[in-house]
Amino acid sequence: MSSKSSWNQNRLTKLLGIEYPIIQGPLGGLQAQKLAATVSNFGGLGSFGGLSLEPSAISDVIAEIRSLTAKPFALNLWVSMEDEGAFASDEKAFQRALAPLVHHIAGLGGTVPKFKPYSPVKFADQARALIDAKVPVFSFVFGVPPKEILDECRKQGIHTIGVATSVDEARALDEAGVDAIGASGFEAAGHKGAFLDTSPQALMGTFSLVPQIADAVSAPVVAAGGIADARGIVAAMALGAEGVQLGTAFLTCEGSGATATHREALLSGKAARTGLTKGFTGRLARGIRNQLMEDLNQAGSEILPYPLQRYLVRNVSTPAESAHRADLLPMWAGQSANISHYTDATKLMEDLVTDVSAVGDSIVDWTEKRRGGRRAASSGRD
Ligand SMILES: Cc1cc2nc3c(=O)[nH]c(=O)nc-3n(C[C@H](O)[C@H](O)[C@H](O)COP(=O)(O)O)c2cc1C
């Protein structure tokens with residue numbers, strides 16, 4: 001290595017055209033256009049989760065974020081939009097899954113829902129809207145998009161980031177030519193995103209996942225899961241990541257779309273007890289442990305295929321939010337929820353950048369040295 005490296009100038013920042021390799025992760029269905037723009041305006045990469053949006057709504061969101069920032073930002077989609085059983089799931093399954101929730105809905109004064117067959121939003125249509133709008137960055141989870149979509153992104157100059165929860169998934173994304181690979185450890189808030197082996201036993205922590213993915217792929221790696229302050233960023237970079245993605249730390253910031261009850265729970269200092277459940281949506285995800293999670297995690301509880309369980313649980317969460325009932329609300333949170341209590345995203349970014357800058361360059365120098373010739377021999381992505 002001849003010249004000294006700078007922690008915030010690497011393949012990822014060059015690729016995405018950003019100043020700092022810090023990504024505000026997509027926050028699913030929580031509307032967060034302003035938050036995404038704030039992070040992008042600072043020089044990081046803001047993201048917006050468009051998972052359940054109709055294509056026209058995706059175009060609107062992209063236009064809205066563009067009205068708030070001229071900098072790059074990401075729109076995130078789920079490649080796999082439903083579990084196999086969603087189309088065949090019938091009224092009997094619906095009634096069985098509803099049974100443990102009925103007393104909560106009644107107690108909250110909500111309306112007991114009726115069965116409706118699943119009516120899908122198609123990933124290909126969502127991706128079309130995003131490509132037509134020439135979004136700067138397209139990030140995705142739960143799979144590898146079809147080749148035509150990735151080819152079209154390359155043609156339009158749209159950069160892609162795919163999320164992996166295992167080394168095998170990272171290799172699959174790398175082979176498909178995805179520009180950057182998210183390595184998402186099981187500490188992370190929200191859904192696990194696995195698409196090759198979805199069993200809970202396959203989940204890996206960020207410390208094991210990041211270096212193994214960094215060694216296995218040629219694309220730059222973005223570490224996610226459990227990173228909440230500069231210590232986490234420095235550790236991720238020492239492990240071989242060229243970027244980090246934080247979710248929970250941004251949830252408490254203004255503009256995140258988290259509800260008041262959720263926000264209070266995260267800021268209370270009592271959000272350390274998180275757990276994994278399929279009960280909130282039908283797919284494995286991490287949130288604060290509460291009564292609703294315990295009820296739905298009971299052995300024998302019927303859980304509908306994704307996203308039917310998500311629609312079902314909304315019948316509890318909507319009245320629970322009105323009644324300010326943290327015990328009956330799905331509240332996404334990662335295992336490091338108690339580390340960060342920022343409410344201002346710009347201040348969070350400022351502090352992350354200041355603190356990482358104190359040591360970041362030496363970590364990157366060390367990591368670059370370790371990687372040595374491996375990078376030079378890689379597939380010419382530098
Ligand atoms: C409420 C919420 C919703 C999320 N939705 C998505 C999503 O739709 N797509 C995605 O790729 N990641 C999603 N994530 C994951 C985050 O973008 C990020 O990778 C993760 O939160 C990082 O781990 P941390 O929470 O420990 O910081 C979500 C996270 C949260 C907190």
Side-chain angles (χ1 to χ4, degrees), residues 22-32 35-36 39 44-53 58 61 73-81 123 126 137-143 145 160-165 169 173 178 180-195 203 205-207 209-210 221-229 232-233 235-236 241 243-253 256-259 262-263 265-266 271-272 274 276 280-281 283-288 306-307 310 317 329-340 342 348 352:
I22 301 175
I23 301 178
Q24 167 253 316
L27 300 175
L30 306 183
Q31 299 300 296
L35 175 66
V39 173
L45 186 79
S47 314
F48 186 93
L51 71 149
S52 54
L53 295 183
I58 289 180
V61 162
F73 61 90
L75 207 298
N76 178 273
L77 295 179
W78 290 22
V79 179
S80 152
M81 299 282 288
F123 168 74
Q126 293 179 311
V137 182
F138 169 27
S139 72
F140 48 83
V141 69
F142 281 117
T160 51
I161 306 176
V163 173
T165 64
E169 290 176 356
L173 291 161
V178 169
I181 295 175
S184 183
F186 101 137
E187 298 91 327
H191 291 86
K192 295 303 102 200
F195 59 92
L203 292 172
T206 305
F207 246 74
L209 192 63
V210 171
V221 173
V222 177
I227 302 170
D229 64 10
I233 297 178
V244 293
Q245 176 161 299
L246 284 66
T248 306
F250 283 106
L251 267 181
T252 48
C253 292
S256 85
T259 65
H262 188 178
R263 207 175 277 270
L266 289 166
T274 67
L276 290 167
F280 289 166
T281 67
R283 284 186 179 170
L284 202 64
R286 183 178 296 285
I288 297 176
Y306 185 89
R310 178 173 224 153
S317 55
L329 201 60
M331 293 186 294
W332 309 118
Q335 289 187 319
S336 298
N338 271 352
I339 294 179
S340 173
Y342 282 79
L348 169 60
L352 292 175

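Values below: every heavy atom of this structure, side chains too, minus hydrogens, waters and symmetry copies. Atoms within each ligand, like the ligands themselves, are counted from 1 in listed order.
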Point to revise | Check against ring-ring contact (aromatic ring centres under 6.0 Å, His included), Trp78 and Tyr306 | key: CA-CA 12 Å; Trp78 290 22; Tyr306 185 89; 5.1 Å; yes

Exercise for review: Could you please spell out the steps behind the side chain to side chain donor-acceptor pair (under 3.5 Å) verdict for Arg283 and Ser80?
Suggested key: CA-CA 11 Å; Arg283 284 186 179 170; Ser80 152; 2.7 Å; yes

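Near Leu246, with a cut-off below 4.0 Å to any heavy atom, the atoms of ligand 1 are 27 (O). Heavy-atom proximity to Leu30, at under 4.0 Å, picks out these atoms of ligand 1: 1 (C). The distance from ligand 1 to the heavy atoms of Val141 drops below 4.0 Å at these ligand atoms: 9 (N), 11 (O). The ligand atoms of ligand 1 that sit less than 4.0 angstrom from a heavy atom of Gly225 are 22 (C), 23 (O), 26 (O).
Taking each of Gly334, Ser336, Ala189 in turn, the one with a heavy atom nearest to atom 31 (C) of ligand 1 proves to be Ala189. One option in Ser256, Ala223, Ala258, Gly247 has a heavy atom closer to atom 21 (O) of ligand 1 than any other, and that option is Gly247. Here atom 28 (C) of ligand 1 lies nearest to Pro26 when heavy atoms of Gly28, Gly190, Pro26, Ser139 are compared.
The line from CZ of Phe250 to OH of Tyr342 is 10.5 Å long, rounded to the nearest 0.5 Å. Separating the OG atom in Ser52 from the CD atom in Gln126 is a distance of 8.0 Å, to the nearest 0.5 Å.
Ligand 1 is never approached by Ser184 to a heavy-atom distance shorter than 4.0 Å. For the ligand labelled ligand 1, residue Ala249 lies outside the 4.0 Å heavy-atom shell.
In this structure, atom 11 (O) of ligand 1 lies nearest to the protein heavy atom Asn76 ND2, 3.1 Å. Scanning all protein heavy atoms for the shortest distance to atom 18 (C) of ligand 1 gives Gln245 NE2, 3.6 Å. Protein heavy atom closest to atom 1 (C) of ligand 1, with residue, atom name and distance, is Trp332 CD1, 3.4 Å. Nearest protein neighbour of atom 26 (O) of ligand 1, counting heavy atoms only, is Gly226 N, 2.7 Å. Nearest non-hydrogen protein atom to atom 30 (C) of ligand 1 is Leu27 CD2, 3.8 Å.
Qualifying side chain to side chain contact (heavy atoms under 4.5 Å, CB included) partners for Ser336, counting only residues two or more places apart in sequence or in other chains: Ala228, Ile339.
Using a distance-only test at 3.5 Å, with no hydrogens or angles considered, a donor-acceptor pair links the side chain of Asn338 to the main chain of Ala271.
Here Trp78 has side-chain heavy atoms under 4.0 Å from ligand 1, and that is the only part of it that gets that close. Contact annotation: for Thr248 versus ligand 1, heavy atoms closer than 4.0 Å belong to both the backbone and the side chain.
Judged by distance alone, the side chains of Thr274 and Arg286 do bring a donor and an acceptor atom under 3.5 Å apart.
Checked options Leu45, Ile181, Ile23, Ile22; the residue passing with Val222 is Ile23 (criterion: side-chain contact (heavy atoms from CB on, under 4.5 Å)).
In this structure, Phe142 has its ring center no closer than 6.0 Å to that of Phe140.
Applying the side-chain hydrogen bond (donor to acceptor under 3.5 Å, both in side chains) test to residues at least two apart or on different chains, the pairs with a partner in residues 183-193 are Glu187-Thr206, His191-Thr281.
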